[in-house]
Student: 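Sharing a structure, written as structure tokens. Questions coming.
Both ligands and their constituent atoms are indexed starting at 1 by order of listing. For clarity, every value in this text was computed on a predicted model and none was experimentally measured.
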Amino acid sequence: MKKIEVPPDHPRRESLEVRERVIEGHEKHIVATAGLLAHGRGEAFDYLIGEKTSEQARRAARAAVAAILSADNPVVSVNGNACALVANDLVSLSKATGAPLEINLFYYAREREDAVLKSLRRAGAERILGTHDRPSTTIPELSSNRRKVDTEGIARADVVLVPLEDGDRTEALRALGKFVIAIDLNPMSRTATHADITIVDNIVRVLPLMNGLAQEMKDQPREELKRMASEFDNRANLSESIRLIMAHLESEASRHISLHENTVEGLATS
Ligand code: ATP
């Protein structure tokens, strides 16, 4: 399919370009059809948060990087959407923190695994876990393909970063005693609610931010990093993230009232 060129002055250019990347990922079999819908849901929440990284999300990202850097066995889980959107950034984060990448697909197909693998390799990944030829163990709480985790990856990990995960799996990982970091634009999703740290932001903005933080924080004492991660209050974080949506909606509502008043005034004086 021909790629749509987004005009440089289009007001929603960034969002449309990101959407094109997901569509392209779908055509290359990296993204499942359901992944297109998941992306649409994300776009809607991004609109609600004002399509920018909040201070609150920055705080969550800092705590998340602290948790990854101070972990014994951190792992970054990769699904189709994350791969289509931020393959390079995931590889950089993996290299900067020593956390291996593990492919984990909700809608498993060998073709999808191969496409994700190819894309991660092209982005420079050297060690990729979770492929069909790797040793695996199962998460007892889950049915479906996603029970399978890499024996040397998520199975023995203490900290797992799950960009765009589903609620069941996040809950299962928590039940196994993992410290789970989620990236999810919806602060009300089950994933967001079950994680230890939820970064309420778009992965396309937050992954580069996390890479910068990893460089900045990598020499900080381990105990200090561990404390930052454990002191993070995810309940307060999610509550503040929902309040930010409400504040954004309030300001949009006021903007429309003043636009309306100006129009009425203009009509009266003309
Ligand atoms: P849950 O099972 O956690 O309640 P869900 O059923 O609401 O999840 P899914 O369809 O499994 O959601 O996954 C989509 C989730 O990923 C949504 O919460 C959506 O906001 C989020 N999402 C989609 N695209 C992005 C993105 N680019 N960055 C961050 N989050 C995203």
Student: Can you list the steps and then say if L90 with L207 is a side chain to side chain contact (heavy atoms under 4.5 Å, CB included)?
Tutor: CA-CA 7 Å; L90 288 168; L207 253 295; 4.0 Å; yes
Student: Could you measure the distance from the CG atom of N237 to the OG atom of S54? Nearest 0.5 Å is fine.
Tutor: 8.0 Å
Student: Using distance alone, decide if ligand 1 has a nitrogen or oxygen within less than 3.5 Å of any nitrogen or oxygen in I203.
Tutor: yes
Student: Below 4.0 angstrom from a heavy atom of G42, which ligand 1 atoms are there? Numbered from 1 as shown, please.
Tutor: 19 (C), 20 (O), 22 (N), 23 (C), 24 (N)
Student: Give a yes or no on whether the backbone of T198 and the side-chain of D184 come within a donor-acceptor separation of less than 3.5 Å.
Tutor: no
Student: For ligand 1, is V204 a contact, meaning one of its heavy atoms is under 4.0 Å away?
Tutor: no
Student: For ligand 1, which is the ligand I care about here, please tell me if N202 has any N or O atom under 3.5 Å from one of the ligand's N or O atoms.
Tutor: yes
Student: Looking only at protein heavy atoms, which one is nearest to atom 7 (O) of ligand 1, and what is the separation?
Tutor: R41 NH1, 3.3 Å
Student: I'd like to check atom 3 (O) of ligand 1 in this structure: does the protein have a heavy atom lying under 4.0 Å from it?
Tutor: yes
Student: For S189, take its heavy atoms, then give the atoms of ligand 1 lying under 4.0 Å from any of them.
Tutor: 3 (O), 4 (O)
Student: Does ligand 1 come near enough to D168 that some N or O of the ligand is less than 3.5 Å from an N or O of the residue?
Tutor: no
Student: Are more than 12 heavy atoms from other residues, nucleotides or ligands located less than 6.0 Å from atom CZ of R222?
Tutor: yes
Student: Counting only heavy atoms, which portion of L164 has something under 4.0 Å from ligand 1: side chain, backbone, both, or neither?
Tutor: side chain
Student: Identify, for atom 18 (O) of ligand 1, the protein heavy atom at the shortest distance, and state residue, atom and that distance.
Tutor: D184 OD1, 2.8 Å
Student: Below 3.5 angstrom, do we get any N/O pair linking D166 and ligand 1?
Tutor: no
Student: Run the numbers for me: atoms of ligand 1, each under 4.0 Å from some heavy atom of T191, listed by number.
Tutor: 1 (P), 3 (O)
Student: Report yes if some N/O of L185 lies less than 3.5 Å from some N/O of ligand 1; otherwise report no.
Tutor: yes
Student: More than 12 non-hydrogen atoms from neighbouring residues, nucleotides or ligands closer than 6.0 Å to CD on E250, yes or no?
Tutor: no
Student: Is K52 salt-bridged to E14, cutoff N-O under 4.0 Å?
Tutor: no
Student: Check each heavy atom of D201 against ligand 1 and say whether those closer than 4.0 Å belong to the side chain, the backbone, both or neither.
Tutor: backbone
Student: Starting at OG of S70, measure out to NZ of K218 and round the result to the nearest 0.5 Å.
Tutor: 15.5 Å
Student: Nearest non-hydrogen atom to atom 13 (O) of ligand 1 belongs to which of G167, A82, A38?
Tutor: A38
Student: For N81 and V31, run side chain to side chain contact (heavy atoms under 4.5 Å, CB included): C-alpha distance rounded to whole Å, both residues' side-chain angles, the deciding distance at 0.1 Å, then the answer.
Tutor: CA-CA 6 Å; N81 285 46; V31 173; 3.5 Å; yes
Student: Tell me whether the count of non-hydrogen atoms from other residues, nucleotides or ligands lying under 6.0 Å of CZ in R13 goes above 12.
Tutor: yes
Student: A quick test of your reading: do over 12 heavy atoms of other residues, nucleotides or ligands sit less than 6.0 Å from CD of E111?
Tutor: no
Student: Using a 4.0 Å cut-off to any heavy atom of N186, which atoms of ligand 1 qualify?
Tutor: 18 (O), 20 (O)
